[in-house]
Each structure stands twice: as structure tokens, then as C-alpha cells.
Amino acid sequence: MAGNGSMRRKNHDAPAGLKQRSTTSSATQTPDHSPIDTMPAQLLPQISTNGTSFAVPSSHPPMPRKLSSPMMPPFMVSAPGKVIVYGEHAVVHGKAAIAAAISLRSYLLVSFLSKSHRTVTLRFPDIGLHHTWSLDELPWDAFSAPGKKKFYYDLVTSLDPDLLAAIQPHVNAVSPRVPEHVRKIHHSSATSFLYLFLSLASRKTAPCVYTLRSTIPLGAGLGSSATIAVCLSAALLLQIRALSGPHQDQPPQECELQIERINRWAFVGEMCIHGNPSGVDNTVSSGGKAVLFQRTDYNKPPLVKPLRNFPELPLLLVNTRQSRSTAVEVAKVATLKANHHALTENILDSIGLVTESAHELLTSEDFDPTSPSALKHLGDLITINHGLLVALGVSHPKLERIRELIDHTGIGWTKLTGAGGGGCAITILKPQPQTTHNTNGANNGHADSSSDDSDSSEDVDCSASIISNGTRLKHKILDSLELKLENEGFEKFETTLAGDGVGVLWPAVLHNGNEEEGGEEIDVEKFLNAEGTEGIERLVGVASARRVPVREVREGWKFWRPWEGGFA
């Protein structure tokens with residue numbers, strides 16, 4: 001079982017059309033040869049060499065001519081959200097922070113239309129966005145002008161004001177009749193999409209529909225906008241064949257190159273939305289696992305160090321559903337620092353030391369991610385970090401209530417994540433508690449021993465967490481906690497910390513675990529009709545084992561994994 005809940009095929013190579021082409025200077029335009037070369041064999045009989053339907057000999061009168069068939073099968077990409085595990089707020093003041101991917105993800109389905117359509121559509125039902133542009137009316141000339149044209153391997157660190165001006169009329173046409181606050185969100189999404197699309201695609205790009213769904217709570221500080229930018233970046237780079245793999249023979253260095261290529265363009269998409277993003281969200285979403293992130297000089301690139309040894313841990317994530325402003329919370333700390341400089345500096349320094357302690361453990365030669373003592377060390381730092389953030393005044397009564405409810409169960413270590421003032425809390429779960437007996441019949445503080453069918457040995461493996469181990473105790477605690485949280489208006493997610501980065505499902509067909517021929521194609525209607533997190537995850541084949549039996553989880557997703565030789 002993968003960290004994101006999916007099962008993976010061991011010998012499922014990427015299609016030939018996605019293999020790496022030469023990285024010598026070339027434009028980002030779609031290759032001149034037809035993508036029909038990469039289509040599944042079962043689709044070929046329906047299509048002629050010029051992309052139109054074959055005429056079928058028949059004695060019946062000729063039927064009315066149909067529109068030409070799509071040129072390529074649909075495919076899907078996905079990217080994970082992120083949480084700040086240690087160091088929020090201190091990172092604004094030059095200290096290091098550690099951020100990690102979570103298994104809640106955004107998914108982008110790319111489906112192709114016939115040549116006759118000549119349109120590109122962006123559908124994002126989670127925010128009510130649906131708009132279609134004419135391919136022929138988009139400002140291709142502006143993006144291909146001398147000095148403006150970018151190549152897929154370029155490093156873009158700032159947006160071109162002339163190009164932003166060129167797409168503005170096409171952005172303004174989006175959602176003209178919705179409320180202003182909604183329109184602002186739609187326009188930032190459309191700006192990000194069009195800037196990336198026009199930079200990477202070309203006039204020859206096949207007409208298509210980009211449909212986005214997300215299992216990540218939007219606006220909760222979990223990097224949802226970055227996941228969208230990563231999905232769009234990866235999809236467009238795949239379409240122009242600028243990515244290699246993922247495939248089983250891919251070396252780690254080549255794997256890292258593909259991730260970096262996606263990440264660079266995802267940062268461009270983030271700039272369209274946020275103006276001056278830190279870059280940590282898109283970096284974690286592209287590469288997965290965890291990173292150490294530090295920026296001491298905002299005029300220079302940040303320090304980013306991958307933490308490949310960060311253990312994949314079961315995680316509870318609880319959304320307060322309390323809106324908050326990152327800018328307001330950051331300003332609150334700045335004001336505190338101005339009024340109580342020495343004291344605030346000491347708190348920020350202490351948060352920095354928390355991050356350093358975690359980094360020292362994670363990068364030590366003898367670090368064992370299955371060691372209970374190692375997990376306890378990381379958990380204790382979670383508790384300390386939260387207390388320091390409370391001292392900075394960036395918590396919220398709802399966050400403290402969540403922490404109270406979870407601490408009462410004794411199942412893990414909890415802290416706020418992100419800017420605070422609302423948003424989400426995360427809990428790293430403790431190892432499966434062992435059964436204890438005493439003469440007074442008292443239990444171990446978690447549940448009575450009779451409700452636990454786990455092994456009561458002295459050596460407790462962190463992989464046998466209370467959430468990952470199938471015990472009655474686990475279900476009793478989590479089900480009771482979920483009910484309490486829901487009754488108080490909170491939203492609970494069972495997820496995984498430090499899992500996969502960007503993933504590819506090409507074509508968008510899920511195969512059954514018993515290796516039977518064929519599979520279920522994910523079409524737009526199924527994707528749009530999937531209800532909530534559970535419905536989306538069931539459809540795309542990564543439903544958690546807590547919701548469905550493992551045998552029902554389908555496979556087909558592939559990921560770049562530098563920490564495992566480059567492929568999964």
C-alpha cells in the first residue's frame with residue numbers, strides 16, 4: 001500500500017510519447033508528429049491517419065458525418081497538499097522550517113476534443129469556475145514574440161507585465177456575474193492557467209478540457225493553490241513531451257530533473273496567484289516527502305533541502321473551518337516583536353531550535369524511522385512548537401479546543417499548522433498502545449484492554465500506529481473523536497504525512513488488482529459527479545483502507561521517487 005493509499009503496478013512503463021526527448025534548445029510547442037502514435041491499440045481502429053473517423057463499408061444508406069474523434073485518450077495528474085510540521089512564523093524571520101506533503105491531493109483530468117472544436121476549457125467545480133476560450137483568439141503572438149518566448153527548460157523568476165496585460169481581456173471575460181469575492185478567486189485561477197498554457201502550449205495544441213477536483217480544504221493553509229499550479233504545470237509539460245517517465249529504469253538524478261522542471265513552472269503559476277510566494281508549497285507538492293526551507297535574504301533564492309528520511313506517518317488533520325488571514329497573523333507577530341523585541345526574538349529563536357532538533361534527528365546516520373523513541377522525539381517537538389506559537393498569540397480558541405479533545409484521548413501530539421488564527425491542526429499519532437493489566441483493573445488511559453486485539457509485546461513499532469493498525473481500539477477511539485469533532489463543527493481527515501509528490505495516470509484508466517484486462521476509464525462526467533473526498537478518492541483509485549477494503553483499491557498511478565531509485 002502506498003503512502004497515499006494507492007497500490008502501484010511494478011512493471012507499468014510510461015507510454016512512448018512521454019519518454020524524454022532531447023533537452024537541447026527547442027520551443028515548447030507541441031511536436032509536429034501526430035499524438036496518435038501514443039494511443040492505446042484499442043482506440044486505433046476508430047481513427048484514420050488524418051484523425052477523422054473511418055468510413056465503415058455497409059449496404060445501408062450513408063449515415064450523417066460525425067465530428068472527428070479526439071486525438072488522445074484522457075490522462076490525469078495529481079499533486080499533494082502540504083503542512084508546516086515545524087517552524088511557522090519563525091520562518092518569516094529568517095529561521096528554518098520543515099514542511100511535508102500530505103496524502104490529501106488535487107486531481108486534474110485532461111480530456112481531449114476533436115480538432116473541429118478549437119477551444120480550451122477550464123472546469124473547477126469546487127469553486128464554481130467553468131469557462132471556455134477560443135484557441136484561435138488567445139494572444140499567442142504576444143507569448144511567442146522575440147524576447148518573450150519561453151522554453152520548457154527555462155527558469156522564470158518573475159512575471160512579464162506585457163504578457164499579463166495580453167491575457168487580461170481573456171481573464172476579465174471569466175465569471176462576470178458572480179459576487180466580487182468569488183470573481184477575484186476565479187480571475188486569479190484563470191490568470192495562472194492562461195499564463196502557463198500560453199507559455200508552454202502552442203497554436204497546434206489539441207483542443208481539450210482541464211477539469212480540477214480537490215480533496216484538500218481550500219483556504220486552510222494546506223497549499224491548495226500550489227497543488228493546482230503543480231497539476232497544470234505537469235499536465236502541460238506532459239502534453240508537449242518535455243518530461244521523462246516516471247518509469248522503472250529511471251535514475252534518481254533524472255527523476256529529480258523532471259520534478260524540478262515541474263516545480264519551476266508551478267512557481268510561475270503560484271506567482272500569478274500570490275505575487276511573491278515563498279516557493280515552499282509548490283516545492284513540497286512537486287517532490288513530495290519533506291523539505292527544510294529557509295530564507296534569510298528575500299533578495300536571494302531560499303535554501304531548500306529535501307528530507308528523504310522523513311518517515312511516512314499516519315496523520316490526523318482537523319479543519320477548524322475558521323477563516324483566517326496569513327497577512328493578519330504575520331503582522332500580529334511583527335507588532336509583538338516591535339513592542340517586546342527581546343522576548344519575541346527568544347521565542348522565535350526557540351522555534352528555530354525546534355526545527356534544528358528535528359532536522360538533526362532526521363539527518364543523523366543512525367536515524368531509524370520505525371523507532372518508537374525517534375517518533376517520541378518528533379512528537380515532543382510538535383508539542384513544544386505549539387506552545388511557542390501560542391506564546392506568539394497566533395493560536396485560536398477553536399484550535400485549542402481541537403487540541404483539548406485530541407489530547408484527552410492520548411492518541412498523539414497536536415499543534416496548529418500554518419499561520420494560525422484558524423485553519424488546521426495536525427496530530428502525529430503515537431505508536432499502538434500496548435495492553436496493560438493491573439490489580440485495580442485500571443486501563444492505560446486510552447481504552448480498556450478488552451477492546452484492543454493488538455499484540456501486547458514490549459517492542460512497539462511506529463509503523464503499528466493506532467491509525468494504521470486494524471484494531472477495535474483504533475476504531476473506537478477515532479470514531480468517538482470524529483463524532484465529537486463533527487458535533488462542534490470541525491472537519492477531520494485521516495491522511496498520511498510525507499508521502500508522494502506529483503503523480504501521473506496515463507491513460508486515465510484504473511485497473512483492477514487481479515490484473516484482468518481492461519479497466520474503468522475516468523471520464524469527465526464521472527469525475528464531476530464524484531461526491532466529496534471519499535467519492536473522488538474512490539473514483540481515482542486511492543481510497544484509504546479505512547473506507548474500503550484493500551482489494552477494492554485499484555492501481556495505475558505512477559510517481560517520481562528519487563528516494564527509492566527514481567520510480568514507483
Min side-chain heavy-atom separation Pro246-Phe559 under 4.5 Å: no

Ser188 (side chain) donor-acceptor with Ile273 (main chain) under 3.5 angstrom: no

Residue pairs passing the salt bridge (charged side-chain N to carboxylate O under 4.0 Å, His left out) test where at least one lies in residues 209-220, sequence neighbours excluded: Asp126-Arg213

Flag side-chain contact, heavy atom, 4.5 Å: Leu237 against Leu200: yes

Any donor-acceptor pair under 3.5 Å from Ser175 side chain to Val178 backbone: no

N/O donor-acceptor pair under 3.5 Å between Thr495 side chain and Ser103 backbone: yes

Step-by-step side chain to side chain contact (heavy atoms under 4.5 Å, CB included) determination, Val77 to Leu505: CA-CA 6 Å; Val77 293; Leu505 181 66; over 6 Å; no

Polar side chain donor-acceptor pair, His186 to Ser189, under 3.5 angstrom: no

Heavy-atom neighbours of Lys305 NZ exceed 12 at 6.0 Å: no

Under 3.5 Å side-chain donor-acceptor pair for Thr215 and Thr533: no

Under 3.5 Å: donor-acceptor pair, side chain of Trp133, backbone of Leu122: no

Pair Tyr195 + Phe143: ring centers closer than 6.0 Å: yes

Identified side-chain contact (heavy atoms from CB on, under 4.5 Å) partner of Ile102 from the options Thr496, Val83, Thr417: Val83

Under 3.5 Å donor-acceptor, Ser106 side chain and Ala79 backbone: no

Cation-pi check, Lys558 onto Trp506 ring (under 6.0 Å, within 45° of axis): no

Student check: side-chain heavy atoms of Pro277 and Phe267 closer than 4.5 Å: yes

Main-chain N/O of Gly501 paired with Arg105 side-chain donor or acceptor, under 3.5 Å: yes

Contact check, side chains of Arg123 and Leu528, non-hydrogen atoms, under 4.5 Å: yes

Backbone of Asp162 reached by a side-chain donor or acceptor of Asp160 within 3.5 Å: yes

Short side-chain donor-acceptor distance under 3.5 Å, His274 and Ser225: yes

Geometric class of the Phe197/Trp140 ring pair [parallel <30°, tilted 30-60°, perpendicular >60°]: tilted

Residue pair Arg295 / Val91, side-chain heavy-atom distance below 4.5 Å: no

Any Cys424 side-chain heavy atom under 4.5 Å of Val318 side chain: no

Sidechain N-carboxylate O distance under 4.0 Å for Asp141, Arg203: yes

Side-chain (Gln322) to main-chain (Gly423) donor-acceptor, under 3.5 angstrom: no

Note, Phe112 side chain near Pro207 side chain (heavy atom, < 4.5 Å): no

Salt bridge (charged side-chain N to carboxylate O under 4.0 Å, His left out) contacts touching residues 174-191 (sequence neighbours left out): none

Ring center gap for Trp265 and Tyr153 short of 6.0 angstrom: no

Whether Glu521 side chain and Val509 backbone form a donor-acceptor pair below 3.5 Å: no

Any side-chain donor near an acceptor of the partner, Thr205 and Gln239, under 3.5 Å: no

Heavy-atom donor-acceptor pair, Asn529 side chain to Lys526 backbone, under 3.5 Å: no

Inter-residue atom distance Phe493.CZ - Leu317.CG, 0.5 Å rounding: 7.0 Å

